[in-house]
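Written below as structure tokens is the structure these notes are about.
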Amino acid sequence: MKGSADQYAVVGHPVAHSLSPFIHSLFARQTEQSLTYRLMDVAPERFTERLQEFFTAGGRGVNVTLPHKTRALALADELTERARLAGAVNTLAVRRDGSLLGDNTDGAGLVQDLSVNLGWPVRDRSILLIGAGGAARGVIAPLLALAPRRIVIANRTAERAVALAAVFAGLGALEGCGFEELGGQRFELVINATSASLTGDLPAVPAAAFGADTLCYDMAYGRGDTPLTRWARELGCRDAVPGWGMLVEQAAESFRLWRGVRPLTAPVLAALTGRTAMPGGSAD
Ligand SMILES: NC(=O)c1ccc[n+]([C@@H]2O[C@H](COP(=O)([O-])OP(=O)(O)OC[C@H]3O[C@@H](n4cnc5c(N)ncnc54)[C@H](OP(=O)(O)O)[C@@H]3O)[C@@H](O)[C@H]2O)c1
């Protein structure tokens, strides 16, 4: 094994469901990196204090999940451009001078899964992005960088979608609206960035959004179909996938930031989706 046993963790509340320790232990074994990676359940009011303790004790980096991604943004000494655009940090890394770099690898994870794992070119395609929370915000700039024809952000609370579209207006063809305003429009890619799947719900998007050739991508993941991927299939959609690939790819980006090596993701994705006791929920 190379290097010393550096310490990493995933910080969330709750966090017991997180698959990040499993994923990063496989990455470490594969790349022969000596590190430990653990769960840290931290209540919001103790976030800064607990992280400072962790880093003072020699911790080298953390993944940050709900509900702490904007707290992590405030804690970082410097942000990557993609974290600044995302308005949230899912990865913190201690640099040589002891300062904290905040990054956001969610968008890169989605784009890598779409473009490489699924072989689905985004260029010139029409995209419906459902949801206007942190996950949606994190993927807009990376998607626009691939020059889609247009992205429509639709959200249950329409004003949030309109406001989000305004933030990124200078980067490409983008609009925001409520579900009803979608009317009969059909899209080539539908991405679910809502947390509706976590409660077994379907976002109320019109069925017309899906055609047989539409790729339905749900950022949520669990055993088998999510409510949205199941519905899309019922509507005749040939390709409907949950967000396992995004989960593994965003983790690989974090690992690369910390360790300087990007692990192979295919074996880890296969190990995760092949697990007999997969969790039913979804969270990174
Ligand atoms: N695969 C991955 O690696 C990965 C990475 C990041 C996130 N995710 C997943 O992405 C999802 C969203 O995370 P987030 O951080 O963006 O959450 P968030 O900031 O809390 O945003 C939640 C979004 O979901 C919408 N929503 C919630 N319940 C809904 C329902 N029943 N019908 C329609 N819309 C509903 C909200 O709409 P309102 O604005 O109207 O409340 C809001 O747009 C989670 O499932 C998370 O696990 C996956």
Side-chain angles (χ1 to χ4, degrees), residues 10 12-15 17-20 22-24 44 63-73 82-83 86-91 103-114 117-118 128-140 142-143 152-165 167 176-182 190-206 209 216-222 226-229 231 241-255 265 268-269 272-273 278-284:
V10 55
H13 187 65
V15 78
H17 60 270
S18 174
L19 292 165
S20 294
F22 178 73
I23 294 170
H24 283 282
N63 284 128
V64 183
T65 188
L66 293 174
H68 297 311
K69 290 185 182 184
T70 47
R71 281 183 198 91
L73 184 95
R82 61 191 183 182
V89 157
N90 78 340
T91 309
D103 194 9
N104 190 311
T105 64
D106 283 340
L110 172 69
V111 158
Q112 180 81 6
D113 195 34
L114 283 172
N117 300 344
L118 300 172
L128 172 61
L129 179 62
I130 316 170
R137 181 173 173 138
V139 302
I140 293 171
L143 284 171
V152 177
I153 307 167
N155 194 46
R156 182 175 62 181
T157 311
E159 310 83 74
R160 291 188 75 195
V162 173
L164 194 53
V167 172
C177 64
F179 295 147
E180 283 179 11
E181 291 158 69
L182 289 171
V190 176
I191 301 171
N192 184 19
T194 74
S195 48
S197 298
L198 298 180
T199 46
D201 294 327
L202 267 178
V205 286
C216 172
Y217 191 103
D218 198 336
M219 287 192 193
Y221 46 82
T226 68
L228 189 76
T229 58
W231 186 53
V241 295
W244 290 106
M246 177 177 174
L247 175 75
V248 175
E249 295 298 344
Q250 61 81 25
E253 279 290 296
S254 298
F255 194 90
T265 49
V268 179
L269 191 50
L272 264 181
T273 53
M278 285 200 307
S282 154
D284 40 322

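Start at 1 and go down the list; that is how both ligands and their atoms are numbered. Just so you know, residue 1 is the first one in the sequence shown, and it goes up from there.
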Any idea which atoms of ligand 1 are less than 4.0 Å away from a heavy-atom of [X]?
X: Gly133; value: 16 (O), 19 (O), 21 (O), 43 (O)
X: Asp201; value: 31 (N)
X: Leu66; value: 15 (O)
X: Gly134; value: 16 (O), 19 (O)
X: Asp106; value: 5 (C), 6 (C)

Examine the side chains of Asp218 and Thr226 and answer whether a donor and an acceptor come within less than 3.5 Å of each other.
-> yes
Thr194, portion touching ligand 1 at heavy-atom distance under 4.0 Å = both
Sequence neighbours excluded - salt bridge (charged side-chain N to carboxylate O under 4.0 Å, His left out) pairs with any residue from residues 242-254 | Arg82-Glu253, Glu249-Arg262, Glu253-Arg256, Glu253-Arg262
Work out whether the distance between some heavy atom of Ala193 and some atom of ligand 1 is less than 4.0 Å.
-> yes
For Ala132, is the nearest heavy atom under 4.0 Å from an atom of ligand 1?
-> yes
Closest heavy-atom approach to atom 30 (C) of ligand 1 among Arg137, Arg156, Met246 is made by Arg156
Ignoring hydrogens, just give me the one of Asn90, Thr226, Ile191, Leu247 whose non-hydrogen atom is nearest atom 3 (O) of ligand 1.
-> Leu247
For Thr91, side-chain hydrogen bond (donor to acceptor under 3.5 Å, both in side chains) partners two or more places apart | Ser254
Using 4.0 Å as the upper bound for N to carboxylate O, is an ion pair formed by Lys69 and Asp106?
-> yes
